[in-house]
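Notes follow once the structure below has been shown.
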Amino acid sequence: MIKISVIVAVYKAEAYLYRCVDSLLAQTFTDFEILLIDDGSPDRSGEICDEYARKDARIRVFHKANEGVGATRQFGIDHACGEYSIHADPDDWVEPTMLEELYRKAKETDADMVICDYYVDFPHKTTYRKQEPTSLDSRQLMKDLFQRLHAALWNKLIKSTCYQTREVHFIKGINYREDLLVNMQILIQETKVAYLPRAFYHYDQIINSGSITRSITYEYYKVSEDVYKHLKCLLRDYQELENELNWQGLGMLYILLEIKARIRELKSKKTELGLNLDAKHLYSLRSDYRVLLVFLSLNVSHSLALFLCTLVNRIKRLLIELKLR
């Protein structure tokens, strides 16, 4: 059996795909395969994938109709032959010892999942992002992925049996935070996690400067809403964890995305969406929405508005607790 499958979902990547694949082929580790999955790219990405497949037998290429990154990642998982798998985005690149060191750590600890640090490449600097979990307990790691760790799959080597025996899958149509959903599906079951305090993956924010996470649209909000609903369903039997996750991040993110989407749609005068922030509608919103709107109306940053809103809610909870005593 091949030891590692590297899955690359490819779409409109002709300008930078070479860098990604070349960095993978430069690995000091040799027992791996690369799955290049052309998600119906209208540019030369598919041709470039075929060029690589002709040059190196470790590369397998698949061409399919465009379905989005979530469905494409799932296609890769379905066709992967490795003992472990890891994902890579075509606009990023990796250090040459990544697979060797991750695999060594996985075998030394018999881990189902190995997490490592990563780099973020900006136009004029590269920063190091530490990803050490608070604890290696699955439940705590789930909290960390909402609060302080990146939920990406490109800095996590995962045992293939986690997908095969736990009914873990990417949800078709969800192409943002799809990695968070997969991580949660894996971690709600007993999972042995290891941490390697090294960075190998370069998350390119020069190319990614126009990505979906920076383009808040109504469609983006709706996808985020779908993610929220799937997570609520997934965690329905973990009430304590669900409440913690909602309070720490998901609930506030959900609110912020809706407010930003409403503001943007109103500014662009897309009234057909029925997004009207009149007084009647304002009072129909839950109190968290109203508090956040008040702070946003003061032209403070979204991060400061979130902080102030969180502070207000904590004070409200404290007052309620004092009243009940």
Side-chain angles (χ1 to χ4, degrees), residues 1-10 19-37 52-53 55-62 73-90 92-120 128-133 135-138 141 144-145 149-166 168 170 179 182-183 185-187 189-203:
M1 174 185 277
I2 295 170
K3 291 184 171 64
I4 299 176
S5 295
V6 183
I7 298 168
V8 186
V10 179
R19 181 183 66 172
C20 174
V21 179
D22 286 344
S23 72
L24 292 171
L25 292 176
Q27 293 296 296
T28 55
F29 192 78
T30 57
D31 192 2
F32 70 97
E33 65 173 357
I34 302 173
L35 282 70
L36 298 179
I37 307 163
Y52 274 108
K55 296 176 183 177
D56 198 307
R58 293 174 296 178
I59 295 178
R60 293 196 288 148
V61 175
F62 302 87
R73 292 193 197 281
Q74 183 61 51
F75 186 97
I77 290 295
D78 293 340
H79 290 80
C81 298
E83 177 187 3
Y84 288 84
S85 70
I86 191 169
H87 294 260
D89 290 340
D92 299 329
W93 61 283
V94 302
E95 297 288 341
T97 62
M98 181 181 79
L99 297 183
E100 179 182 357
E101 296 196 44
L102 285 175
Y103 186 78
R104 182 189 301 125
K105 185 69 173 181
K107 300 306 286 186
E108 287 174 353
T109 59
D110 191 30
D112 298 309
M113 174 188 291
V114 180
I115 302 172
C116 65
D117 304 331
Y118 65 95
Y119 297 106
V120 181
Y128 188 103
R129 297 292 171 86
K130 196 169 182 63
Q131 295 291 287
E132 183 175 9
S135 119
L136 297 179
D137 174 73
S138 297
L141 181 55
D144 285 349
L145 289 173
L149 299 183
H150 202 309
L153 293 168
W154 35 248
N155 72 323
K156 298 173 182 67
L157 186 71
I158 299 174
K159 191 173 286 186
S160 296
T161 52
C162 288
Y163 292 97
Q164 297 162 358
T165 64
R166 305 186 184 192
V168 173
F170 292 87
D179 42 12
V182 166
N183 274 302
Q185 290 177 67
I186 292 173
L187 293 169
Q189 303 181 59
E190 187 175 348
T191 304
K192 188 169 185 181
V193 179
Y195 167 64
L196 180 62
R198 292 284 310 280
F200 310 100
Y201 194 92
H202 286 259
Y203 182 33

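These figures come from a predicted structure and were not determined experimentally.
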[atom2] on [Y] to [atom1] on [X], rounded to 0.5 Å:
X      : Y      : atom1 : atom2 : answer
Leu153 : Met113 : CG    : CE    : 7.5 Å
Leu36  : Arg60  : CG    : CZ    : 10.5 Å
Ile158 : Ile77  : CD1   : CD1   : 7.5 Å
Ile115 : Leu145 : CD1   : CG    : 6.5 Å
Arg19  : Trp93  : CZ    : CH2   : 7.5 Å
Met98  : Ile4   : CE    : CD1   : 7.5 Å

Please identify each residue that fulfils side-chain contact (heavy atoms from CB on, under 4.5 Å) with [X], with sequence neighbours left out.
X      : answer
Asp137 : Ser135, Arg139, Gln140
Arg166 : Asp112, Cys162, Val168, Ile186, Gln189, Thr191
Ala26  : none

Decide yes or no for [X] and [Y]: does some side-chain heavy atom of the first lie under 4.5 Å from some side-chain heavy atom of the second?
X      : Y      : result
Phe200 : Asn155 : no
Ile59  : Leu25  : yes
Val8   : Val21  : no
Asn183 : Leu141 : no
Tyr163 : Gln74  : no

Arg198: partners by salt bridge (charged side-chain N to carboxylate O under 4.0 Å, His left out), with sequence neighbours left out =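 For Arg198, the residues satisfying salt bridge (charged side-chain N to carboxylate O under 4.0 Å, His left out) (neighbours in sequence not counted) are Glu101.
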
Non-neighbouring partners of Asp56 that pass salt bridge (charged side-chain N to carboxylate O under 4.0 Å, His left out), sequence neighbours left out =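 Testing Asp56 for salt bridge (charged side-chain N to carboxylate O under 4.0 Å, His left out), a comparison that skips the adjacent residues, returns Arg58.
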
Got a sec, which residues hit side chain to side chain donor-acceptor pair (under 3.5 Å) with [X], two or more places apart in sequence or on another chain?
X      : value
Gln131 : none
Lys105 : none
Tyr103 : Glu83
Tyr201 : Asp92

Which atom of [X] lies closest to which atom of [Y], heavy atoms considered:
X      : Y      : answer
Lys159 : Asp110 : NZ-OD1, 3.5 Å
Ala88  : Val6   : CB-CG1, 4.3 Å
Ile7   : Gly76  : CD1-C, 3.6 Å

List in chain and number order the residues that pass ring-ring contact (aromatic ring centres under 6.0 Å, His included) with Phe62, two or more places apart in sequence or in another chain; answer none if no residue qualifies.
->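 Counting only residues at least two positions away or on another chain, Phe62 forms a ring-ring contact (aromatic ring centres under 6.0 Å, His included) with Phe75, His79.
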
Can you name the residues that form a ring-ring contact (aromatic ring centres under 6.0 Å, His included) with Phe170, not counting sequence neighbours?
->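 ring-ring contact (aromatic ring centres under 6.0 Å, His included) list for Phe170, sorted by chain: His87.
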
Within the side chain of [X], is there an N or O that forms a donor-acceptor pair under 3.5 Å with the backbone of [Y]?
X      : Y     : value
Ser160 : Gly82 : yes
Glu33  : Ile2  : no
Glu100 : Thr28 : no
Ser5   : Ser85 : no
Glu95  : Ser23 : no

Test Val193 against Leu187 for side-chain contact (heavy atoms from CB on, under 4.5 Å), laying out the working first.
-> CA-CA 9 Å; Val193 179; Leu187 293 169; 4.2 Å; yes

According to the salt bridge (Lys or Arg N to Asp or Glu O under 4.0 Å) rule, which pairs have a member within residues 23-32, sequence neighbours left out?
->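 Every salt bridge (Lys or Arg N to Asp or Glu O under 4.0 Å) pair that includes a residue of residues 23-32, provided the two are not neighbours, is Lys3-Asp31.
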
Between Tyr128 and Tyr119, does the ring centre distance come in under 6.0 Å?
->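 When the ring centroids of Tyr128 and Tyr119 are compared, they turn out to be within the sub-6.0 Å range.
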
Can you check side-chain contact (heavy atoms from CB on, under 4.5 Å) on Tyr203 and Arg129, steps first, answer last?
-> CA-CA 10 Å; Tyr203 182 33; Arg129 297 292 171 86; over 6 Å; no

